[in-house]
Amino acid sequence: MAEDLVTLVGTLEKILYTNPENGFLIASFLIENSIRPVTVKGIVYNTMEHESLRLKGYWENHKIYGRQFSIREFMPVEPSSEEGMVRYLSSEVFKGIGEKTAQRIVKQFGKDTFKIIDGSPKLLSKIKGVGKKQQKTLLDTWDEQRGLRDVMTFLRGVGISHAYAQRIVAKHGMNSIPLIKANPYQLTDISGIGFLTADGIAHNLGFDNNSPHRATAGLLYMLEQQALNGHTCFPRQDLLKKTEEELKIDSAIMESSIQQLLEDHLLNRETIDDAAAVAQELIFRSRFYKAERRVAENIYRILNSEAFTKFEGETSLIEEQERKVGLELDPAQREAVEAALQHKVLIITGGPGTGKTTIVRFMLGLMRPRIPAIALAAPTGRAAKRITETTGAAASTIHRLLEASNMGFQRDRENPLEQELLILDETSMIDTLLMDSLLEAVPSASRLILVGDVDQLPSVGAGAILLDLIESGSIPVVRLNQIFRQAADSYITVNAHKVRRGELPDFGSSSPQTDVDNQLLDFYFIKESDPEKIVKKILLMNSERIPQRFELDPMMDVQVLTPMHRGITGAIHLNRKLQDMLNPDAKGLEHREQWLRIGDKVMQQQNDYEKQVFNGDLGIIVNCDPKTKELHVQFEQDIVHYQANELDQLTLAYAITVHKSQGSEYSAVIMPITSHHYMMLQRNLLYTAITRGKQLVVLIGTEAAIRKAVKNEETTRRFTGLLHQLSELGVTPLF
């Protein structure tokens, strides 16, 4: 599509709309040697009416406003015609220079006007109406405009894209060049510019590998990488070793940098005894250290505050509710309900089919007459929808409960939640930063019930909140272990619990020849060791066998889960194959080595509070403009518009990683599992994958890989500081 890129040079006549926060504007633009202005729209920073610009972009036809020019790049330029020079000099850019004065200047110097201003500015004093004040104003503004052009040229010259250059100029203005030359790693405070990009710029500018600026930025970057792996902190010596190996920075330089970061309060440290009673120094990014501290403080605050509503005669209340709903609780369920009535904070954990939803539904019916203000919430929209369907009570995402916006959460300690009882489902998915924000908004007199499956994969974000709270012993915990009769008839449920206990799943009648045409079981294992053949079988299952035999929609009802992103049976490759199989010919656009087509299933990869779509939401692309690279996606709640610079928020979702499936249920799940996934073959990953299927689970791979996953209980332990913070505050174990 490069041939469609168009360049326009002219004058910004009138700004019709502007958003100063992001630089977006709609304006009328007069192209050089034209009579009638055109409408342009896009991101243009630091501009004024009558300024001369060079624009690059695309023509498009808007269904309401007609032909428009969509700006992709801009650059201030000097107008070349005498008429343009007059308009430019008399514009708002040069305050104090009116149209008549501008005409006199241009009449005197003609097409050499800008050369005179640039090289012989004293000649301006000969022009009538140009006094010392006007001359100073004109020259100062001229230098600023020239500086802006110089900055943009410099930024592009050191390898910064136009989009990022605009952001840098918007934040640092004329200071951009000296700032970058002194320390290019400061660019990491610009959204979208990470350490690796800044490091490339530093290399272009001749910075040494052992630059103290590089060591400081590199340590922060490595800690961020560990946060992506789930750690809120990391052992000091391991951090230094990893940074030295990966970034080739001298250890003595790093020791000095880490000390400076600690003194500047950009890092925190704690010396903590591990399980073997060996003391080790852990290093935290400050936001995680403070978040874990606040989580511990808020747990302590809620536990040690009086409940607004107290329950007495728990036994009679429970028995009355049992008669009312026609249900007899088992001992563990009764223990959970009693604990919910007695304690301010409670954790209920258990696997599929153990009655977690039944307990929530029972407690809602029991407590609502006394506590009308109740909130039911979950970390994702899919999890919230599921608990709404299973309990009959309205649930929301935690983000909506906290009234999230681009300005942050509106609910906090100063503006707390109004509910007296808060029940959180899928708590294993809640990371440290989200739990911190949530607990900040919980009133001291409120009750908090945390429901989740601690044996599943931990949160995608950093932390191990549910596990740490359970292991702290500071909160009552009820474990549900009994599988109820209806769930016990499901191979999915039975095998999930077998895997949880470290036992091989029961494959029933599955064999190398078995496929889902044979009989209507809900759990199948198909033996195959060749990755290419595994992919072919996944495609066949997804597109034909499962839809035909189980009457399920191949797009919306069947979900492929995989342990890894890369590789032949990874999410990236499977998405390409499944897209070619299920949606091969639709109009689309290419973005970062993947095609996004109308009809594709896609997933939102980050929280966008303005659009009100959140990490993990699934949608279907319903409209696409290849020229402007804009998409419209139908999510459950609404159709959402994405501009070209927002497409990184989306990824194909025919196949997703098991981690991304947390909190979701799908009618049918297909999962490859082979020795090629050895790095990810862990018990909690296989357990999580199996528990995502409602009607059908199909594993395709080798018994050796399944056995390795089942036996590998040594899941990667996350480094966190929450247990230490709880003990420091005196939140003592109950048992």
Side-chain angles (χ1 to χ4, degrees), residues 347-361 363-364 374-404 409 419 421-435 437-439 448-461 463-467 469 480 492-493 496 556-557 559 561 601 603-609 612-619 635-637 653 656-667 669 684-685 687-695:
I347 294 173
I348 300 174
T349 186
T354 57
K356 295 193 300 294
T357 302
T358 300
I359 284 292
V360 171
R361 197 163 48 227
M363 289 191 297
L364 287 170
I374 298 175
L376 192 59
T380 67
R382 291 170 293 162
K385 179 186 176 186
R386 195 175 79 248
I387 195 169
T388 296
E389 293 170 345
T390 54
T391 65
S396 73
T397 63
I398 295 173
H399 293 87
R400 286 197 173 93
L401 181 69
L402 296 177
E403 300 175 16
F409 293 118
Q419 290 83 2
L421 171 62
L422 178 59
I423 301 176
L424 297 179
D425 195 28
E426 296 287 356
T427 308
S428 62
M429 294 180 63
I430 302 177
D431 62 41
T432 298
L433 298 180
L434 183 56
M435 183 61 86
S437 296
L438 176 67
L439 292 180
L448 182 63
I449 299 175
L450 307 175
V451 183
D453 186 348
V454 74
D455 295 309
Q456 286 189 20
L457 288 169
S459 58
V460 174
I465 290 291
L466 184 59
L467 179 62
L469 289 177
L480 304 177
I492 293 174
T493 301
M556 301 310 298
D557 295 332
Q559 184 62 58
L561 303 181
K601 179 164 63 172
M603 175 181 283
Q604 175 76 11
Q605 297 193 94
Q606 64 190 61
N607 295 328
D608 190 317
Y609 303 117
Q612 286 293 292
V613 287
F614 302 100
N615 190 4
D617 286 353
L618 290 174
F635 291 98
E636 185 174 337
Q637 67 276 19
I656 62 176
T657 63
V658 179
H659 283 83
K660 282 288 188 180
S661 73
Q662 288 174 265
S664 301
E665 282 188 340
Y666 311 98
S667 296
V669 164
N684 60 357
L685 181 135
Y687 173 75
T688 300
I690 293 172
T691 57
R692 300 309 90 200
K694 290 191 293 185
Q695 296 175 233

Quick one: pull up [atom1] in [X] and [atom2] in [Y] and give me the separation to the nearest 0.5 Å.
{"X": "Leu438", "Y": "Leu448", "atom1": "CG", "atom2": "CG", "result": "7.0 Å"}
{"X": "Ile656", "Y": "Gln605", "atom1": "CD1", "atom2": "CD", "result": "11.0 Å"}
{"X": "Leu561", "Y": "Thr688", "atom1": "CG", "atom2": "OG1", "result": "10.0 Å"}
{"X": "His399", "Y": "Gln612", "atom1": "NE2", "atom2": "CD", "result": "10.0 Å"}
{"X": "Leu469", "Y": "Thr427", "atom1": "CG", "atom2": "OG1", "result": "9.0 Å"}

Do [X] and [Y] come close enough that some side-chain heavy atom pair is under 4.5 Å?
{"X": "Met363", "Y": "Ile348", "result": "yes"}
{"X": "Ile449", "Y": "Leu421", "result": "yes"}
{"X": "Gln419", "Y": "Leu401", "result": "yes"}
{"X": "Met429", "Y": "Gln456", "result": "no"}
{"X": "Leu434", "Y": "Phe409", "result": "yes"}
{"X": "Leu685", "Y": "His659", "result": "yes"}
{"X": "Val669", "Y": "Ile492", "result": "no"}

For Ile387 and Thr390, run side chain to side chain contact (heavy atoms under 4.5 Å, CB included): C-alpha distance rounded to whole Å, both residues' side-chain angles, the deciding distance at 0.1 Å, then the answer.
CA-CA 5 Å; Ile387 195 169; Thr390 54; 4.2 Å; yes

Shortest non-hydrogen contact from [X] toward [Y]:
{"X": "Leu618", "Y": "Phe635", "result": "O-CD2, 3.3 Å"}
{"X": "Tyr687", "Y": "Pro352", "result": "OH-CD, 3.2 Å"}
{"X": "Asp431", "Y": "Leu433", "result": "OD1-N, 3.2 Å"}
{"X": "Pro458", "Y": "Asn684", "result": "CD-ND2, 4.0 Å"}
{"X": "Thr397", "Y": "Ala384", "result": "N-CB, 4.0 Å"}
{"X": "Met435", "Y": "Leu450", "result": "CE-CD2, 4.5 Å"}

Counting only heavy atoms not in Lys660 (residues, nucleotides, ligands), do more than 12 fall under 6.0 Å from its NZ?
yes

As a test of understanding, state which of Thr358, Asp425, Thr357 forms a side-chain contact (heavy atoms from CB on, under 4.5 Å) with Thr391.
Thr357

Evaluate side chain to side chain contact (heavy atoms under 4.5 Å, CB included) for Lys385 paired with Thr380, printing each intermediate quantity in order.
CA-CA 9 Å; Lys385 179 186 176 186; Thr380 67; over 6 Å; no

Kindly determine whether Ile430 and Leu466 satisfy side chain to side chain contact (heavy atoms under 4.5 Å, CB included), including the steps that lead there.
CA-CA 8 Å; Ile430 302 177; Leu466 184 59; over 6 Å; no

Backbone N or O of [Y] within a donor-acceptor pair of the [X] side chain at under 3.5 Å?
{"X": "Thr349", "Y": "Val454", "answer": "yes"}
{"X": "Gln559", "Y": "Gly693", "answer": "no"}
{"X": "Gln662", "Y": "Leu457", "answer": "yes"}
{"X": "Arg400", "Y": "Ala395", "answer": "no"}
{"X": "Lys356", "Y": "Val451", "answer": "no"}
{"X": "Arg692", "Y": "Ser664", "answer": "yes"}

Before you tell me yes or no, could you show the steps for Thr432 and Ile465 under side chain to side chain contact (heavy atoms under 4.5 Å, CB included), namely the whole-Å CA-CA distance, both residues' side-chain angles and the distance that decides it to 0.1 Å?
CA-CA 6 Å; Thr432 298; Ile465 290 291; 4.0 Å; yes

